[in-house]
Structure formats: C-alpha cells, structure tokens
Amino acid sequence: MADRVVLAYSGGLDTSVAISWIGKETGKEVVAVAIDLGQGGEDMDVVRQRALDCGAVESVVIDARDEFADEYCLPTVKSNALYMDRYPLVSAISRPLIVKHIVQAARDHGGTVVSHGCTGKGNDQVRFEVGFGALAPDLDVIAPVRDYAWTREKAIAFAQENGIPINVTKKSPFSIDQNVWGRAVETGFLEDLWNAPTKDVYSYTEDPTVHWQTPDELIITFDKGRPVAIDGRPVSVLEAIQELNRRAGAQGVGRLDVVEDRLVGIKSREVYEAPGAMVLITAHQELEHVTLERELGRFKRQTEQRWSELVYDGLWFSPLKDALDTFVEKTQEHVSGDIRLVLHGGSITVNGRRSGESLYDFNLATYDEGDSFDQSNAKGFVHIHGLASKVAAKRDLGLQ
C-alpha cells in the first residue's frame, strides 16, 4: 500500500480543496475521514461522496455520537467545565475525539501523514497537532490552510482551476463549528465588539421571548454524576443532550456572547449556543452543592478551572488531565439524585433538589422547633476561629 495522507474532512470548501492540493503537492493518495458528532446539516453519505468526487482514494464516515457524548461531553459535565467560567468547550472537546479516529484511520489505511484544515490564528491547530503528537508521534502533519496562507478566494480559484466539484455560490458571513454539545460562531460583523448578534447568528436556540408564556419545568436525574433520566424517563447521555438542546433551545437558553483568551495570545469574540450543555452543567453543579463535603467541593472548584484550561489548550491527552480525571471520578461517588429546574426567557432556575446521598440535614439547618444544632458551642468556635486575626490586629493597632 502506498504512503497515504489521512485528512480530517469536514465536507467544507477548505478540506475539499485540500484533498486535491495535498495529492498534487505530495504525490500521496488522500484518505478522507469525516466524523459524525451530531452536528446535523448535510447527510453524512453526501459528505462521504463529496470527498470521493474531490479525489480521495477512500472516504470514511464514522458515527461517533454516543462515543462523543459518553467519553467527552460527560467528563465535561462531571468537571463542570466552563473555560473562563463561561465557555462549555464546544469545539475543544471534539478535537481529541477527531484526533483519535484520524490516528486509527492512519493505522488502518496505510497513512504516514495526517492533515487538518485549521488556520494559524486559532486554537484548533494546537489541539489537533498536540493530540497527534501524543497519540502518534511517528506521523507527520500537513496543515495546508495555515502553512500556505489560504484564503477563501485562493481556495475557490484552486477549485475552479482543477475542476473540483464544490458549490461555493453561498457564502456565510460567519465561521461556524457545531456538534451535539453546541455551536460556535465567529468572524464577519461579530469581529466588531460593539455589534450585537443578529437573529441569523442563531440556529440551536429561539428568541427567548417566543415561549415567554410557557416556561418549561423539568427534572434531571443523575447517577454518580451521569444524567440517566429526564422527568423520570431513562435516557442515554446523548439522548439527554439532544432533548435538552430541544427544550432549552426553545426557551432561548444557552446563548453566550464571549470575548475569550485564545491560546495563541489573541482575544477573540465568539458567540456560542449550548442549551443542553448549560442545563446539564447547571444541574450537576447544584447536585454537587448538595452531595459534596465542603472541603472536597471547594478543592474541586479549583480543579475545574484547571481542567477547563487544559482541555481548551489542547492538552486532553496530558498527564495532568489524566490525573485530574481520576480525581473527578472519585468525587462523583455520591453525586446522585434529582434536580428540578425551570427554563424560561433564556434563563435556568433551579427550584428543587433531592438526593439519597444528601449532606443537607434538616434538623441542623432549621431555625424552628426540632433544631438539633447546639448553639452554645458556637461562641467558643467563633473565638478560636478568629483568634489569629485578633492577635494580629492588636499588634497592628499598638494594643499589645
């Protein structure tokens, strides 16, 4: 089998043109690999055939929706992962899964080189190439869009000159990446930070005022941090995300307008839609407030930020990320129970919690009859707790 280049194929202009360009520049055959992550849009059979029409010797489509939900979205929920406390890692968690399948395809199809369609200004080039380096350091990498400074105009001209069957008549003003976990939109008029998003930016969510008169109340059941039922109906992780995308999206929940710090040092304005992701993370956080011991909860909130940064920065396969995963799994042993919440007008409001693993003790918490908390112990506790500060204050005020 001849040496081959295995290309992460999206079906769009850049990666379609890349099939022919890589073949001409390297003399190698190109295998296109497209991953179904629940992004919707075109039928994956159409995407597969397009790659063949553009010159791929083989075109592979992999249905990774459940794998993505179980092995990438679920750890994100368990870690309550929000980069900069806002972004639920929509694109960041999809890249290591794509890398994994590209590497496997290289092994299966005689690939010695892997390729992606990322630019040199974004995070994804890092996520792909650091991932390739971690899983297959023997493979070379080609990044034609970045390394040869492709523009849309150059790609269109190459397609026309070489008879590549790509329809480029419809031009979106935005750059869009989407999967079942959410949707990321950038560029176009959004690059002016003062411009408000217009309705054509959104696809996964409706205007928050559309269903203003009909709020949606629901109950999410978790078992050891894993969502297992909605309103008592058993669901897989994928089904939970899909149902919450639909229900929360109808209420305008999950719209995020963010200026974020990219790994390459650029600040970037991104508009995200992640209705299911934001509901699951909100509900999971609330259940942890009920079931995690205080010091464990405090420490976990510190690790959540670090976990998010590692994943955002393309270090999914790093030793620290692996170690943090082990810690997070340990924390989930008692994160089981129900969270009731209301979706309304773009907001998520938790209004009920119950768990057989709850650390909430009614008799300790109540101020009414039946209070089992011995308040006489509090005076000594307060004195000892503040003693060091009091001694320092006396010194600083010259009262010693």
Exercise for review: Taking all non-hydrogen atoms of both residues into account, name the closest pair between Asn123 and Leu263 and its distance.
Suggested key: OD1-N, 2.8 Å
Check your understanding: Where the side chain of Asp313 meets the backbone of Leu315, is there a donor-acceptor pair that is under 3.5 Å apart?
Key -> no
Review point. Salt bridge or not for Asp138 and Arg107, using N-O below 4.0 Å?
Key: yes
Check your understanding: What distance do Asp338 atom CG and Leu287 atom CG have between them, rounded to the nearest 0.5 Å?
Key -> 8.5 Å
Point to revise | His284, Arg301, Gln285 screened by side-chain hydrogen bond (donor to acceptor under 3.5 Å, both in side chains) with Asn80, the one that passes | key: His284
Review point. Can you check whether Val253 reaches Thr205 side chain to side chain, under 4.5 Å on heavy atoms?
Key: no
Exercise for review: Please check if the side chain of Ser347 supplies one atom and the backbone of His344 the other of a donor-acceptor pair under 3.5 Å.
Suggested key: yes
Check your understanding: Do Ser268 and Glu270 have side-chain N/O donor and acceptor atoms under 3.5 Å apart?
Key -> yes
Exercise for review: Give the C-alpha distance, both sets of side-chain angles, the deciding distance and a yes or no for side-chain contact (heavy atoms from CB on, under 4.5 Å) between Leu82 and Met278.
Suggested key: CA-CA 9 Å; Leu82 296 170; Met278 294 307 296; 4.0 Å; yes
Review point. So if you build clusters from Ile, Leu, Val, Met, Phe, Trp, Tyr with side-chain heavy-atom gaps below 4.5 Å, do Leu190 and Ile176 land together?
Key: yes
Check your understanding: Nearest 0.5 Å, what's the CG-CD distance between Asp261 and Glu309?
Key -> 10.0 Å
Point to revise | Min side-chain heavy-atom separation Tyr202-Val185 under 4.5 Å | key: no
Practice item. Could you tell me whether the side chains of Glu217 and Asn351 share a donor-acceptor contact shorter than 3.5 Å? Key: yes
Practice item. Determine, for Glu67 against Lys100, whether the closest basic-nitrogen to carboxylate-oxygen distance falls under 4.0 angstrom. Key: yes
Practice item. Please name the residue in the list Val99, Leu37, Asp124 that meets the side-chain contact (heavy atoms from CB on, under 4.5 Å) test with Ser94. Key: Leu37
Exercise for review: Give a yes or no on whether Phe189 atom CZ has more than 12 heavy-atom contacts from other residues, nucleotides or ligands under 6.0 Å away.
Suggested key: yes
Study note, to complete from the structure: Residue set satisfying salt bridge (Lys or Arg N to Asp or Glu O under 4.0 Å) with Arg146, at least two apart, ordered chain then number -> Glu129
Check your understanding: Do Gln104 and Asp108 have a side chain donor and acceptor closer than 3.5 Å?
Key -> yes
**Study point:** Salt-bridge contact Arg269-Asp257 (side-chain N to carboxylate O under 4.0 Å)
**Key:** yes
Check your understanding: Are a donor atom and an acceptor atom from the side chains of Gln125 and His116 found within less than 3.5 Å of each other?
Key -> no
Check your understanding: Is it true that a side-chain atom of Glu239 and a backbone atom of Ser236 form a donor plus acceptor pair closer than 3.5 Å?
Key -> yes
**Study point:** Summary of salt bridge (charged side-chain N to carboxylate O under 4.0 Å, His left out) pairs that have at least one residue in residues 282-296, sequence neighbours excluded
**Key:** Glu286-Arg353, Glu288-Lys300, Glu295-Arg298
**Study point:** Check: Glu357 main-chain N/O paired with Ser355 side-chain donor or acceptor under 3.5 Å
**Key:** yes
**Study point:** Lys/Arg N to Asp/Glu carboxylate O, Asp45 vs Arg50, below 4.0 Å
**Key:** no
Review point. Do Val342 and Leu280 share a hydrophobic cluster, counting only Ile, Leu, Val, Met, Phe, Trp and Tyr and linking them when any side-chain heavy atoms are less than 4.5 Å apart?
Key: no
Review point. Is the shortest heavy-atom distance from the side chain of Pro227 to the side chain of Phe222 under 4.5 Å?
Key: yes
Check your understanding: Can any side-chain N or O of Asp177 pair as donor or acceptor with the backbone N or O of Ser91 at less than 3.5 Å?
Key -> no
Exercise for review: Please answer whether the main-chain N or O of Arg65 pairs with a side-chain N or O of Asp36 as donor and acceptor at a distance below 3.5 Å.
Suggested key: no
Check your understanding: Which atom names give the shortest non-hydrogen contact between Gly122 and Thr119, and what distance separates them?
Key -> N-OG1, 3.7 Å
Exercise for review: Please lay out, stage by stage, how Tyr87 and Ser308 fare under the test side-chain hydrogen bond (donor to acceptor under 3.5 Å, both in side chains).
Suggested key: CA-CA 9 Å; Tyr87 163 51; Ser308 301; over 6 Å; no
Check your understanding: Under 4.5 Å between any side-chain heavy atoms of Val33 and Val6, yes or no?
Key -> yes
Check your understanding: Ignoring hydrogens and geometry, is there a side-chain-to-backbone donor-acceptor pair from Gln39 to Ile35 under 3.5 Å?
Key -> yes
**Study point:** Residue of the set Tyr272, Tyr312, Trp307 for which ring pair (Phe, Tyr, Trp, His ring centres under 6.0 Å) holds with Tyr83
**Key:** Tyr312
**Study point:** Minimal non-hydrogen separation, Gly297 against Leu292, with atom names
**Key:** CA-CD1, 4.1 Å
Check your understanding: If only atom types and distance count, is the side chain of Arg95 paired as donor or acceptor with the main-chain N or O of Phe128 below 3.5 Å?
Key -> no
Check your understanding: What about Trp181 and Tyr72, are their ring centers closer than 6.0 Å?
Key -> no
Review point. Can Leu97 and Ile93 be said to form a side-chain contact (heavy atoms from CB on, under 4.5 Å), step by step?
Key: CA-CA 7 Å; Leu97 174 56; Ile93 62 171; over 6 Å; no
Study note, to complete from the structure: Closest non-hydrogen contact found for Ser79 with Glu304 is O-CG, 2.8 Å
Practice item. Taking all non-hydrogen atoms of both residues into account, name the closest pair between Ala32 and Ile19 and its distance. Key: CB-CD1, 4.3 Å
Point to revise | Test log, rule side-chain contact (heavy atoms from CB on, under 4.5 Å), inputs Thr349 and Leu341 | key: CA-CA 5 Å; Thr349 304; Leu341 43 81; over 6 Å; no
**Study point:** Pairs where residues 179-188 contributes a residue and the test salt bridge (charged side-chain N to carboxylate O under 4.0 Å, His left out) is met, not counting sequence neighbours
**Key:** Arg183-Glu273, Glu186-Arg262
Exercise for review: Would you give the length of the straight line joining atom CH2 of Trp316 to atom CG of Leu310, rounded to the nearest 0.5 angstrom?
Suggested key: 11.0 Å
Review point. Okay, side chain of Thr15, backbone of Ala18: is any donor-acceptor separation there less than 3.5 Å?
Key: no
Revision key, fill the gap. One should read off an interatomic distance between Ile220 CD1 and Ile230 CD1, to the nearest 0.5 angstrom, of 6.0 Å
**Study point:** Thr221 side chain near Ile339 side chain, heavy-atom distance below 4.5 Å
**Key:** no
Revision key, fill the gap. Only one of Lys78, Lys224, Arg226 passes salt bridge (charged side-chain N to carboxylate O under 4.0 Å, His left out) with Glu329, and that residue is Lys78
Check your understanding: Under 3.5 Å, is there a donor-acceptor pair between the side chain of Asn179 and the main chain of Gly182?
Key -> yes
Point to revise | 4.5 Å side-chain heavy-atom contact, Leu244 and Gln242 | key: no
Practice item. Given side-chain contact (heavy atoms from CB on, under 4.5 Å), test Leu135 with Phe317 step by step and report yes or no. Key: CA-CA 8 Å; Leu135 298 186; Phe317 301 109; 3.7 Å; yes
Study note, to complete from the structure: Heavy atoms of Gly111 and Leu139 approach each other most closely as O-CD2, 3.6 Å
**Study point:** Interatomic spacing from NZ in Lys199 to CG in Asp207 - rounded to 0.5 Å
**Key:** 9.5 Å
Practice item. Before accepting this row, confirm whether a basic side-chain N of the pair Arg86/Glu260 lies closer than 4.0 Å to the acidic partner's carboxylate O. Key: no
**Study point:** Any Val57 side-chain heavy atom under 4.5 Å of Val31 side chain
**Key:** yes
Review point. Do Val335 and Thr331 come within less than 4.5 Å of each other through their side chains, counting heavy atoms only?
Key: no
